Student: 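Got a structure for you, questions after.
What you are looking at is a predicted structure, and each value in this text was computed from that prediction instead of being measured.
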Amino acid sequence: MELCQNLFANIPEHLNHELTSEVLRSRSVRIERIVSRGQASPPDFWYDQAEHECVVVLAGKATLKIEGQPERVLCPGDTVYLSAHTRHRVEWTDPKQNTIWFAVYWKD
């Protein structure tokens, strides 16, 4: 398999909602590029997914809240590993620039 794409390309100038693009999918793993510009999780909403997740912030800035822990400010290069069913939410993303996330999901 050959895969060649630029994670910083094809981002609309106006982003009214978070943009999720699948980079790769197999039976055991899914990789996504997520672009946020001011989007955050709805009030009182928590992600609680059945998959493990490892996310890297490639550009921009965001604040992540993991249940029971202090908020974390994420900047380019920051990586977070979330085991399956770790409740978390995006509290804030920079409204003035793209926050580009590289997310890998998998099950045991």
Side-chain angles (χ1 to χ4, degrees):
M1 175 199 306
E2 185 176 321
L3 178 67
C4 184
Q5 61 182 305
N6 187 311
L7 295 172
F8 300 101
N10 301 317
I11 298 172
E13 183 178 338
H14 300 287
L15 197 61
N16 297 326
H17 56 83
E18 195 169 70
L19 176 66
T20 301
S21 307
E22 194 169 272
V23 175
L24 179 89
R25 178 185 288 270
S26 74
R27 283 180 282 182
S28 58
V29 70
R30 183 177 83 251
I31 301 173
E32 294 178 343
R33 176 195 70 175
I34 304 165
V35 182
S36 309
R37 192 181 310 134
Q39 289 82 15
S41 300
D44 299 319
F45 172 83
W46 292 87
Y47 289 98
D48 184 357
Q49 60 218 34
E51 302 163 300
H52 303 292
E53 177 181 0
C54 183
V55 65
V56 181
V57 175
L58 302 177
K61 195 171 182 180
T63 303
L64 181 71
K65 174 73 176 158
I66 298 171
E67 189 173 51
Q69 298 182 20
E71 288 182 359
R72 298 175 188 207
V73 176
L74 302 176
C75 298
D78 288 338
T79 303
V80 177
Y81 166 73
L82 301 162
S83 60
H85 298 292
T86 298
R87 288 172 43 99
H88 63 286
R89 53 182 282 108
V90 177
E91 292 290 334
W92 174 87
T93 61
D94 192 334
K96 297 181 181 176
Q97 65 178 320
N98 293 328
T99 299
I100 302 175
W101 313 76
F102 186 78
V104 180
Y105 305 90
W106 72 98
K107 292 184 180 182
D108 287 330

Student: Drop me the distance from T63's OG1 to D94's CG, to the nearest 0.5 angstrom.
Tutor: 9.5 Å

Student: With distance as the sole test, does E32 use its side chain to make a donor-acceptor pair with the main-chain N or O of Y105 at under 3.5 Å?
Tutor: no

Student: To the nearest 0.5 angstrom, please state how far the CD atom of Q39 sits from the CD atom of E18.
Tutor: 6.0 Å

Student: Apply the side-chain hydrogen bond (donor to acceptor under 3.5 Å, both in side chains) test between Q49 and each candidate in E51, H52, E53; give the one that qualifies.
Tutor: E53

Student: Backbone N or O of E13 within a donor-acceptor pair of the R37 side chain at under 3.5 Å?
Tutor: yes

Student: Mind checking the CD-CD1 spacing from E71 to I66? Nearest 0.5 Å is all I need.
Tutor: 11.0 Å

Student: Are V55 and I11 co-members of a hydrophobic cluster defined by side-chain heavy atoms under 4.5 Å apart?
Tutor: no

Student: For residues V90 and S36, determine if any side-chain heavy atom of one lies less than 4.5 Å from a side-chain heavy atom of the other.
Tutor: no

Student: Using every non-hydrogen atom in the two residues, find where T93 and A62 come nearest and quote the distance to one decimal.
Tutor: CG2-CB, 3.9 Å

Student: A quick test of your reading: do over 12 heavy atoms of other residues, nucleotides or ligands sit less than 6.0 Å from NZ of K61?
Tutor: no

Student: Can you give me the closest heavy-atom contact between P76 and A59, atom names plus distance?
Tutor: CG-CA, 4.0 Å

Student: Does L58 belong to the same Ile/Leu/Val/Met/Phe/Trp/Tyr cluster as V23, with side-chain heavy atoms less than 4.5 Å apart forming each link?
Tutor: yes

Student: Is there a side-chain contact between N98 and F8 in this structure, where contact means two heavy atoms from C-beta onward sitting under 4.5 Å apart?
Tutor: no

Student: Kindly compute the distance separating CD1 (I100) from CG (L19), expressed to the nearest 0.5 Å.
Tutor: 10.0 Å

Student: How long is the span from the CG atom in N10 to the CZ atom in R33, to the nearest 0.5 Å?
Tutor: 6.5 Å

Student: Taking the inter-plane angle between the rings of H88 and Y47 on a 0 to 90° scale, is it parallel (under 30°), tilted (30 to 60°) or perpendicular (over 60°)?
Tutor: parallel

Student: Indicate yes or no: at least one non-hydrogen side-chain atom of C75 is less than 4.5 angstrom from one of V73.
Tutor: yes

Student: Verify the cluster assignment for L24 and W101: are they in a single hydrophobic cluster under the rule of side-chain heavy atoms below 4.5 Å apart?
Tutor: no

Student: Give a yes or no answer on whether the side chain of R89 reaches the backbone of F45 with a donor-acceptor pair at less than 3.5 Å.
Tutor: yes

Student: Are I34 and I31 connected, step by step, through hydrophobic side chains (Ile, Leu, Val, Met, Phe, Trp, Tyr) whose heavy atoms are closer than 4.5 Å?
Tutor: no

Student: Assigning hydrophobic clusters by single linkage (Ile, Leu, Val, Met, Phe, Trp, Tyr; side-chain heavy-atom cutoff under 4.5 Å), is L64 placed with Y81?
Tutor: no

